[in-house]
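When a residue number appears, it is its place in the shown sequence, counting from 1. Just so it is clear, the values below take in all heavy atoms, side chains as well, and ignore hydrogens, waters and symmetry mates.
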Amino acid sequence: MKIIEKKCPNCNANLDFKVGERDVECKSCRRKFAIEYDHEMAEDHLRPSDFDLRPMKAAHTFIFIIAALIIVMTIFIFVITAINTINMQRRANKIFENSFEMIDND
């Protein structure tokens, strides 16, 4: 397989990949890029300009989804905790009122 050399769009380090690979990771900045082939050509005639590197969007989307889930879960826990606190205060008030009623009845 022919090895193609390109520059990382993020940090300008050298990126080497084989023809036919679908993605490449920069060893310097650790960003992943999808390899887009401009057209089909015989392997011997391929040049670095025949390839385009695009940032991998799936990883960014995954991180965004995880962050959104963490935020939603935090809000959910806060709301549940607030509801439980209110319910406990109501129960404590009822117990407190009932204890005074028992004292008054004696």
Side-chain angles (χ1 to χ4, degrees):
M1 282 262 163
K2 182 176 181 179
I3 295 179
I4 302 294
E5 295 178 9
K6 286 200 67 126
K7 295 286 186 183
C8 173
N10 190 46
C11 69
N12 211 30
N14 288 331
L15 287 176
D16 298 333
F17 58 91
K18 294 178 184 174
V19 174
E21 290 180 342
R22 294 290 173 205
D23 58 50
V24 63
E25 182 178 359
C26 177
K27 292 176 181 147
S28 177
C29 67
R30 295 295 202 208
R31 286 245 358 232
K32 287 189 177 184
F33 299 95
I35 302 170
E36 294 182 358
Y37 297 89
D38 287 345
H39 47 67
E40 295 291 327
M41 290 183 75
E43 188 176 316
D44 297 338
H45 299 291
L46 288 172
R47 300 177 312 271
S49 60
D50 294 328
F51 301 90
D52 196 16
L53 299 175
R54 302 276 181 204
M56 298 284 285
K57 295 179 182 177
H60 297 292
T61 303
F62 178 74
I63 291 170
F64 177 77
I65 290 171
I66 295 298
L69 285 174
I70 290 171
I71 291 169
V72 168
M73 288 173 49
T74 303
I75 292 170
F76 178 77
I77 291 170
F78 176 79
V79 168
I80 294 299
T81 304
I83 290 171
N84 283 339
T85 303
I86 291 169
N87 287 337
M88 288 174 60
Q89 287 175 344
R90 287 181 183 165
R91 285 186 207 141
N93 287 341
K94 284 182 184 178
I95 292 170
F96 187 73
E97 290 171 4
N98 289 342
S99 65
F100 274 114
E101 288 177 8
M102 291 171 69
I103 293 172
D104 289 342
N105 289 339
D106 290 339

Drop me the distance from [X]'s [atom1] to [Y]'s [atom2], to the nearest 0.5 angstrom.
X	Y	atom1	atom2	result
Asn93	Asn98	CG	CG	10.5 Å
Asp16	Glu21	CG	CD	10.0 Å
Ile77	Thr74	CD1	OG1	6.0 Å
Ile86	Thr81	CD1	OG1	11.0 Å
Ile71	Ile66	CD1	CD1	12.0 Å
Leu15	Glu5	CG	CD	10.0 Å

Chi angles and distances behind the side-chain contact (heavy atoms from CB on, under 4.5 Å) call for Cys11, Cys26:
CA-CA 9 Å; Cys11 69; Cys26 177; 3.6 Å; yes
Qualifying residues under ring pair (Phe, Tyr, Trp, His ring centres under 6.0 Å), relative to Phe96, sequence neighbours excluded:
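Result, ring pair (Phe, Tyr, Trp, His ring centres under 6.0 Å) vs Phe96: Phe100.
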Going hydrophobic residue to hydrophobic residue with side-chain gaps under 4.5 angstrom, can you get from Leu69 over to Phe78?
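Looking at the clustering, Phe78 is in a separate group from Leu69.
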Do Ser28 and Cys8 have side chains that get closer than 4.5 Å, going by heavy atoms?
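No, too far: nothing below the 4.5 Å cut-off.
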Set out, in order, the CA-CA distance, both residues' side-chain angles and the distance that settles side-chain contact (heavy atoms from CB on, under 4.5 Å) for Lys32 and Val24, then state yes or no.
CA-CA 6 Å; Lys32 287 189 177 184; Val24 63; over 6 Å; no
